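Each remark here refers to the structure printed beneath this line.
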2 protein chains.
Amino acid sequence: MRLTTRGRYAVTAMLDLAIHGDKGPISLADISDRQEISLSYLEQLFAKLRQQELVSSVRGPGGGYRLSRCSDDINVAEIIDAVNESIDATSCNGKGNCHKGDICLTHHLWGDLSRQIHRFLSGITLDSLVHQHELQLVSLQQGGQVDFSAACE
Amino acid sequence: MRLTTRGRYAVTAMLDLAIHGDKGPISLADISDRQEISLSYLEQLFAKLRQQELVSSVRGPGGGYRLSRCSDDINVAEIIDAVNESIDATSCNGKGNCHKGDICLTHHLWGDLSRQIHRFLSGITLDSLVHQHELQLVSLQQGGQVDFSAACE
DNA sequence: ATTTACTTGACTAAAAAAGTAGGTTTTTGC
DNA sequence: GCAAAAACCTACTTTTTTAGTCAAGTAAAT
């Protein structure tokens with residue numbers, strides 16, 4: 001699990017799809033305009049998103065991309081994983097080639113933490129992000145407070 | 001909030017301190033040996049950790065580093081933030097220089113997500129990681145299953 | 001005084017991120 | 001059939017970050 005601007009771009013683009021996808025396929029040019037991400041960079045990202053079957057494409061005029069699953073069935077972790085090569089595992093992964101017991105100790109601790117983060121991000125769906133934002137918008141218009149607890153599930 | 005091997009090194013090193021710190025200050029050379037991180041790289045990381053007052057140093061023979069606070073008062077988020085330059089903010093941060101309402105939309109969504117991740121990592125202390133691992137060790141020796149739910153808070 | 005260990009800064013190589021360029025297919029509508 | 005719009009593909013360049021090296025210090029304890 002790696003967290004950089006690359007993953008942020010991917011999540012942002014997927015959010016754009018989730019928001020505008022109801023109007024049929026969305027072209028990368030549209031996303032590029034709206035989100036200010038270079039078209040060719042988007043192409044690279046979407047090649048990977050397509051490989052992982054997070055999006056499907058429609059070619060030709062009027063074509064573009066759409067989410068291949070419902071937005072409440074796509075979570076943030078899989079988007080980030082799709083565009084980032086998975087982080088290199090610890091050097092002594094189960095092989096037991098560590099001098100003392102101490103070495104693997106913190107390696108495993110890091111692994112645990114990594115898994116916790118992954119599990120956390122797996123619980124956040126595109127849909128919940130969009131939904132949460134909509135609630136905020138409404139609230140702003142009414143000048144009220146946002147109840148975040150209700151926004152997620 | 002950025003998540004790379006750099007932050008992982010920092011967390012690993014801090015965990016090493018948390019585990020061995022009871023025997024007085026720990027030298028970077030020790031950490032380097034145990035965790036297989038190059039000494040000079042550790043020096044860079046610890047310079048930043050010291051700036052953020054996460055560790056304090058003791059010079060001279062027998063010297064080294066120790067946690068400047070109790071391990072249950074140091075969380076993972078601040079360790080990662082200490083060694084990573086904070087990720088560049090969105091281009092239109094409140095200035096309202098975005099063409100349509102749409103542009104800032106996903107930017108804010110990403111900001112929300114980013115904050116959620118940060119909040120999550122803020123809740124994980126060094127102590128809880130060490131503690132969790134100790135429980136696992138005991139369990140392995142007894143051949144039993146680990147109750148993760150009990151390990152954290 | 002000497003050893004040990006941290007401090008600082010400059011430097012380098014390699015990898016990843018980000019962006020560019022130019023082309024090829026596929027599909028649609030005229 | 002043809003032109004345009006879009007995905008798709010490949011190779012390349014630039015910039016930034018990561019990871020590490022080197023060297024000349026400074027400070028503290030024995």
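Chain naming here is simple, since letters A, B, ... match the order of the sequence lines and numbering starts at 1 in each. The structure displayed is predicted, hence computed values, not measured ones.
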Has the side chain of [X] got a donor or acceptor that lies under 3.5 Å from a partner of the other kind on the base of [N]?
X	N	value
A:E43	D:dC8	yes
B:R6	D:dT17	no
B:R59	C:dT4	no

Pairwise distance CZ(A:R66) to CG(A:L17) - rounded to 0.5 angstrom: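 Here the interatomic distance stands at 10.0 Å.
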
Counting side-chain heavy atoms from CB outward, which of [options] is closest to [X]?
X	options	result
A:Y41	D:dA7, C:dG19, D:dT21	C:dG19
B:N84	C:dT7, C:dA21, D:dT18	D:dT18
B:L28	C:dC6, D:dT21, C:dA21	C:dC6
B:Q44	D:dG20, C:dT4, D:dA7	D:dG20

Rounded to whole angstroms, how far apart are [atom1] on [X] and [atom2] on [N]?
X	N	atom1	atom2	answer
B:L49	C:dC6	CG	P	13 Å
A:R8	C:dA17	CZ	P	15 Å
A:L3	D:dT17	CG	P	15 Å
B:F46	C:dC6	CZ	P	9 Å
A:Y9	D:dT16	OH	C1'	13 Å
A:L45	D:dC9	CG	P	15 Å
B:K48	C:dT7	NZ	P	15 Å
B:D33	C:dA5	CG	P	11 Å

[X] side chain near [N] phosphate (N/O to OP1/OP2, under 4.0 Å):
X	N	result
B:Y65	C:dT7	yes
B:S57	C:dT7	yes
B:T4	D:dT17	no
B:R50	C:dT7	yes

Which atom of B:I79 lies closest to which atom of B:L54, heavy atoms considered: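 That would be CA-CD1, 3.9 Å.
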
Contact nearer the 5' end of DNA chain C, comparing B:P61 with A:I37: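 Closer to the 5' end of DNA chain C: B:P61.
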
Whether B:S27 side chain and B:G64 backbone form a donor-acceptor pair below 3.5 Å: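 Between the backbone of B:G64 and the side chain of B:S27 there is no qualifying donor-acceptor contact (under 3.5 Å).
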
Touch class at under 4.0 angstrom, heavy-atom based, for A:S27 against every strand present: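 Sugar-phosphate, no base atom in range.
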
Exceeds 12 heavy-atom contacts within 6.0 angstrom, atom CD of B:E53: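 Open.
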
Member of B:I26, B:I31, B:L15 meeting the side-chain contact (heavy atoms from CB on, under 4.5 Å) criterion with B:H20: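 Of the listed residues B:I26, B:I31, B:L15, the side-chain contact (heavy atoms from CB on, under 4.5 Å) partner of B:H20 is B:I26.
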
Side chain to side chain donor-acceptor pair (under 3.5 Å) partner of A:E78, chosen from A:R69, A:H118, A:Q52: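 Of the listed options, the one satisfying the test is A:R69.
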
